[in-house]
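Take a look at the structure set out below.
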Amino acid sequence: MFLQGKTTVSQYLLRRLLIVIPSLIGISLVLFVLLALAPGDPFGELAQNPAVPPEVRAALREKFGLDDPIMVRYFRWLLAMLQGDWGFSFVSRMDVDTLIMQRLPVTLIVIGASQVLALVVALPVGVYAAMRPYSLFDQVATTTAFIGFSLPTFFTGLLFILVFSIHLDWLPFVYQTNVSGTGLEYIWEHIRQAIMPVVVLGLFQGGVLTRFVRSAVLDVVRLDYVTTARAKGLREGVVILKHIVRNALIPVVTLIALQMPIVFGGAVVTEQIFRIPGIGSLLIASILANDTPVIMAVTFVTACLVILFNLIADLLYGWLDPRISYR
Amino acid sequence: MNERDMRGLIADVKLGKLSRRAFVRRMVAVGLTAPLAAQMLMHSGVAMAQSASTYKPTKAGGGGALKVLWWQGPTLLNPHFAVGTKDQDGSRVFYEPLAGWDSDGNLKPVLAAEVPSFENGGVSKDGLSVTWKLKKGVSWHDGKPFTADDCVFNWQYASDPATAAVTIATYKDVEVVKVDDHTIKVLFSKPTPFWADAFVGTRGMMIPKHIFENYKGATSRDAPANLAPVGTGPYLFTEFKPGDLVAGKLNPNYHEANRPYFDTFEMKGGGDAVSAARAVLQTGEYDFAWNMQVEDAILKRLEDGGKGKAVITAGGNIEFIGVNSTDPWTEVDGERSSLKTTHPSLGDPAVRGALNLLVDRQSVQDHIYGRTGVATANFLNNPERFRSTKTKFEFNIDKAIKMLDDAGWKPGADGIREKNGVKLKYVYQTSVNAPRQKTQAIVKQACQKAGIDIEIKAVTASVFFSSDVANPDTYTKFYTDIQMYTTTMSQPDPALFMNQYVSWEVSTKDNKWQGRNITRWRSEEYDKLYRQAEGELDPVKRAAMFVRMNELVIEGVAVIPVVYRPTVAAVSSKLNAPLSGWDNNTWSLQDWYRDA
């Protein structure tokens, strides 16, 4: 770099954030053009209704600026976005940011909880399996993990509903935001309805992670410095936690970050199955209704989240492995 | 059935020889709507029946929560912007019209004190006006009284083109005058046989003047109340999340005694139809689910649980095959299926007749739709004396073969029939949808046996039903020989439904394929009848005209009706929910209650 010394974290962060801007603009341009070229019309349903004269549709199209050329519409959208105006939903006739803010918390809670669950399961299982490779525990863990990530979430979701809601009648399969009750009962109802979607997403993610943690640990466990650590007479627990896991975690962190788009994809499907009012189900509904401003906003939010997680992963590297410097 | 037959039937009703309900059912069978049938009775001096209320609870409230599932949840709650039925159903929880349509097509007063008629002087003899008396003592959810000013405002609001209300067609050609605080007069510019459109049913829900006054015209979309309704309905608004949730609580000042029964109301959106059916029929988590587009076999299996049942309501939806009258394979002036062409083989009535014989509707019903799609031979398939000998339906391959032979269509070397070098090869398109693809297969098989080659084409629904002018695969362009979809007759009056075959509605490049006549079938007699019906004030004469128009379309094989598609709802076995095929699902929400 121009300064021969070490670049600090904040400089690195600034540089990364500057790179984010053109990529977000690129993403938004591609999304916008694709949506504009795709067939469908937000007011198409009106065309099928004989009681609605075509003039109404024309008036609505004009009102929402749908008749302008694509590039004009794109720049209008971009300018508005820069000023913090997310647009106006054609279908719900309300501001898109309100619509998204209504939905985003649920998605983040469900995805967050499932990621935590995945980590809680994958880390100990993966590490333990790698410490005793080809033992019975390892065999069972690997096989289960394999099944876990081979089954798509829509399948496990339906299976769970069939078993736990319909046959056993333990858990509700319609997710409600307005749960009745107060205090503990309220919290319990929320947990009860979140169990299935969180487990479905968490186990899928956990399956992938378990196998990855196992192989990462296996890579490290045979290295000389581990033997050295043991030879020093360190306790096994310290060897595992401080020397093995910390080093093995570096690729795992990358994986978690890179898996985020897949998790969001899985959440879209899971939300649809369990009727979770998150941004995933909002996305599906707005795609079906050709509600362009909402589709744009949701995909854009997702893109931002994915970029954000990548950035977090890069920052975590440095903390996990000081040898990695930010340049 | 002609005018005389109908008069005979009405006389039977008057004498009590035929029940009202049976009469209505027969009229529906000949392609009329129940509301029109009820209007015929009324015009002939048989008063509209006030359907006996089955409502049992003796006090309002105490019913706990009513939980319903709309697998596509309402996305907005202003009835004047309600695009689909889901939005109308959601709006109807809070907003009400002057009157609604019951399942037999009777008008039931809601915000009106009584239904206008000749007897009470509400309906003028010249067909130029109708006077509504409003119910007194009705208040909006915020306590302000409901008056004639509100009605006048709704007319002004909806008829203003700048508002861009979807209800504009109902209001733009009428004038609404306040007579006194609780009386309004709707004036028509020309004699109007079907007067019960403005302020009635799905398009008649009313919004309060004092809340929306400043949001008429261009600012309509900014009204906060678009998302937080203040109406007169049985439930007060509490929460709305577009596509996810509509919630309300009991309106203690509701204008009908002892209603509503439930303390809270919750309409949950999202998900899919099958799991919605499960939540009602199998687990009982919910009381009601809307629009069960689910295979009948699955519904039956779910019903076995005994927690609920599928309730089937007759409406006016018909799945049919449209037969192209023009040539889709020749381009004239930049458009295919141009009016300047004639279809080389489908122009022959014998070929059309043969096609009609090759659609096995019974199998389609038995193997695909079950209770959710009843084989409709034609519009005249009811037994007894109404069966028209001219438009009889049957499935008969041999007869079709003979018909084609007689008309000179002989099998060629490849087994496909031809005449003068024209082969009977057709492209049959519809939208991607499992039951539709199965129906295509059934038709294709029968046609093959008769020497007609069918190429099946399935277009994604979002393309097929779009109005995209640049796309050649839309149903309004109809660039194939035959195509299949469902046409809905949600309007209580058949006039709008029947304009699908008038010559001035033909879908062409000039009108950007927005015309309603998609088969491009034209008939002078049909046009003439339609024009007459527009100004005919005698509902019986008018009905006879519609029946004749139906016959013309069927005889000319402009279309081949396949199945009649009633709407299906999943209802908990304890819930009493009166439904109507001529109004919204929630049209009588105030009357819903649960058996103890």
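In what follows, every chain begins at residue 1, and chains take the letters A, B, ... in the order their sequences are listed. From a predicted model like this one, the values you see are computed outputs, not experimental measurements. These values consider heavy atoms only, across backbone and side chains, with no hydrogens, waters or symmetry-generated copies.
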Per-residue contact mode, B:T283 against chain A (heavy atom under 4.5 angstrom)
side chain
With a 4.5 angstrom heavy-atom cut-off, is it the side chain or the backbone of B:F464 that approaches chain A, or both, or neither?
neither
Which atoms of B:A165 approach chain A - backbone, side chain, both or neither, heavy atom under 4.5 Å
backbone
B:K268 versus chain A, heavy atoms under 4.5 Å apart: side chain, backbone, both or neither?
side chain
Pick one of side chain, backbone, both or neither for A:L162, based on which atoms fall under 4.5 Å of a heavy atom in chain B.
side chain
Can you tell which of B:A247, B:G270, B:P242 has the highest number of heavy-atom pairs within less than 4.5 Å of chain A?
B:P242
Which bit of B:Q500 comes within less than 4.5 Å of chain A, counting heavy atoms only: side chain, backbone, both or neither?
neither
Which residues satisfy the salt bridge (charged side-chain N to carboxylate O under 4.0 Å, His left out) test with B:K67, sequence neighbours excluded?
none
State which residues pass ring-ring contact (aromatic ring centres under 6.0 Å, His included) with B:W504; sequence neighbours excluded, sorted by chain then number.
B:Y530
Go through A:D169, A:L288, A:V174 and name the one with the most non-hydrogen pairs under 4.5 angstrom from chain B.
A:V174
Backbone N/O of A:T98 and side chain of A:D95: donor-acceptor pair under 3.5 Å:
no
Tell me, side chain or backbone of B:A65 under 4.5 Å from chain A's heavy atoms, or both, or neither?
neither
Of the listed B:Q72, B:Q282, B:E266, B:K512, the one with the largest count of heavy-atom pairs under 4.5 Å with chain A is B:E266
Quick check on B:L69 against chain A: is it the side chain, the backbone, both or neither that has a heavy atom closer than 4.5 Å?
side chain
Under 4.5 Å from a heavy atom of chain A, the part of B:T264 involved:
neither
